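Written below as structure tokens is the structure these notes are about.
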Amino acid sequence: MYDYDLLVVGSANADLVIGVERRPDAGETVLGSDLAVHPGGKGANQAVAAARLGARTALLARVGDDGHGRLLLDSQRAAGVDTAGVLTGGAPTGVALITVDPSGDNSIVVSPGANGRLTPADVRAAASLFHASRVVSTQLEIPLETVGEVVRSLAPGSRFVLNPSPPQPLSAEVLAACDPLIVNEHEAKVILGDAGAVGDEPEDWARRLLAKGPRSVVVTLGGEGALVASAEGVARVPSVTVHAVDTTGAGDAFTAALAWRLGAGESLAEAAAYAARVGAATVTKEGAQVSFPTAEEVAAL
């Protein structure tokens, strides 16, 4: 028996959010709304999203010994996440500077802070968490060498889910462990390398990504849902139509929901269909973690 449905290894940031009528061009200053501070970071977001849906969730991350770090820990505990794996100190808590326009689209700049100090040694020291977890999920807001150590630390029979954001080239070792690799259009093209030769269809991206070694691939398509690909073939998964208010955290909620449902035994297409509904519910509210739905809210969508 596993103690956790999902172990998330990744980043924890304070999201500093300002609403703008339009995002500034180079050298331009625009006025925005009052500053809002939310707990965020792709790792922390995934953990809260999964726990809110009902998954038994643990987080392995690093925060600073500061107010932002305490905000993040409070948010994790309030959602029911086990924070025994959250380390403190080494640098200030990571910060994401986010502007959101009236359509709900966002632009983000991240200062990694303590996330950059989450080391392979920290992963090795958390071996008990890996052996207790059915699925392990991570992202690329922590060092690549740490992600590699996560792959080497997986327990026999556990499943590895990677959202390579922000995108970087990945080693064959990491790619081979992904089941699935979850990407949007931008991430797919960075990992594939020669963007000009990728083609316009998500099916093309998915097939070329599969050829690089992952056991399965999911391409997120925003309001159009997602596409799933594996040795069994390629299929589109629809979403539901909603009014988008803020897309911050939607990809993290999608990844968390998908990882949890895969661990519960659903097929890739079934898990992606559920995750698309979770992502849709997320964009109807402002903020990241505060917008993540419960299972009941997803069912009512």
Side-chain angles (χ1 to χ4, degrees), residues 1-17 36-96 98 110 112-115 117-118 122-123 125-139 141-142 146 150 161 163 248-257 259-260 263-264 278 281-282 285-298:
M1 291 292 293
Y2 294 98
D3 293 329
Y4 304 107
D5 299 310
L6 179 64
L7 167 62
V8 180
V9 184
S11 57
N13 294 324
D15 287 348
L16 310 185
V17 184
V37 181
H38 303 292
K42 290 185 174 299
N45 286 352
Q46 285 185 16
V48 167
R52 196 160 289 168
L53 291 169
R56 297 170 301 162
T57 308
L59 175 65
L60 173 57
R62 184 175 286 277
V63 298
D65 184 13
D66 50 34
H68 287 155
R70 289 184 284 276
L71 170 73
L72 286 156
L73 283 169
D74 288 345
S75 176
Q76 294 292 311
R77 291 165 180 157
V81 177
D82 188 329
T83 60
V86 180
L87 306 167
T88 302
T93 300
V95 171
I98 303 173
V110 175
N115 297 309
R117 275 71 166 185
L118 186 67
D122 294 332
V123 171
S128 61
L129 281 177
F130 285 87
H131 285 281
S133 302
R134 184 184 305 275
V135 180
V136 178
S137 175
T138 191
Q139 329 76 38
E141 288 184 338
I142 56 176
T146 304
V150 168
V161 176
N163 172 220
T248 306
D252 302 326
F254 178 97
T255 298
W260 173 47
V278 172
T282 298
K285 300 177 184 178
E286 292 185 353
Q289 294 179 19
V290 293
S291 71
F292 295 152
T294 64
E296 291 76 17
E297 289 170 330
V298 175

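What you see is a predicted model; the values in this text were computed from it and never measured.
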Set of residues satisfying salt bridge (charged side-chain N to carboxylate O under 4.0 Å, His left out) with respect to [X], sequence neighbours excluded:
X     : value
Asp66 : none
Arg77 : none
Arg62 : Asp122
Asp5  : Arg56

Check ion pair Glu297-Arg52 (N to O, under 4.0 angstrom): no
Any chance you could measure [X], atom [atom1], to [Y], atom [atom2], to the nearest 0.5 Å?
X      : Y      : atom1 : atom2 : answer
Thr282 : Gln289 : OG1   : CD    : 11.5 Å
Leu129 : Asp82  : CG    : CG    : 7.0 Å
Asn163 : Thr255 : CG    : OG1   : 4.5 Å

Could you tell me whether a side-chain N or O of [X] sits under 3.5 Å from a main-chain N or O of [Y], the two making a donor and an acceptor?
X      : Y      : value
Glu141 : Lys42  : yes
Asn45  : Ala253 : no
Thr138 : Val9   : yes
Ser75  : Pro39  : no
Asp15  : Val17  : no

Considering all heavy atoms, the nearest [X]-[Y] contact:
X     : Y      : answer
Arg70 : Asp65  : NH1-OD1, 3.7 Å
Thr57 : Tyr4   : C-CD2, 4.1 Å
Gly10 : Ile142 : C-CG2, 3.6 Å
Val63 : Leu72  : CG1-CD1, 4.1 Å
Thr93 : Gly64  : OG1-N, 2.8 Å
Ala51 : Ala79  : CB-O, 3.4 Å

For Ser128, all residues meeting side-chain contact (heavy atoms from CB on, under 4.5 Å), sequence neighbours excluded: none
With sequence neighbours excluded, residues passing side-chain contact (heavy atoms from CB on, under 4.5 Å) with Ala259: Leu6, Val135, Val161
Donor on one side chain, acceptor on other, Gln76 and Thr83, under 3.5 Å: no
Residue pair Asn13, Val95: steps toward the side chain to side chain contact (heavy atoms under 4.5 Å, CB included) verdict: CA-CA 5 Å; Asn13 294 324; Val95 171; 5.8 Å; no
CA sep, side-chain torsions, deciding dist, call: Val150, Phe130, side chain to side chain contact (heavy atoms under 4.5 Å, CB included): CA-CA 9 Å; Val150 168; Phe130 285 87; 3.8 Å; yes
Contact check, side chains of Ser11 and Gln139, non-hydrogen atoms, under 4.5 Å: yes
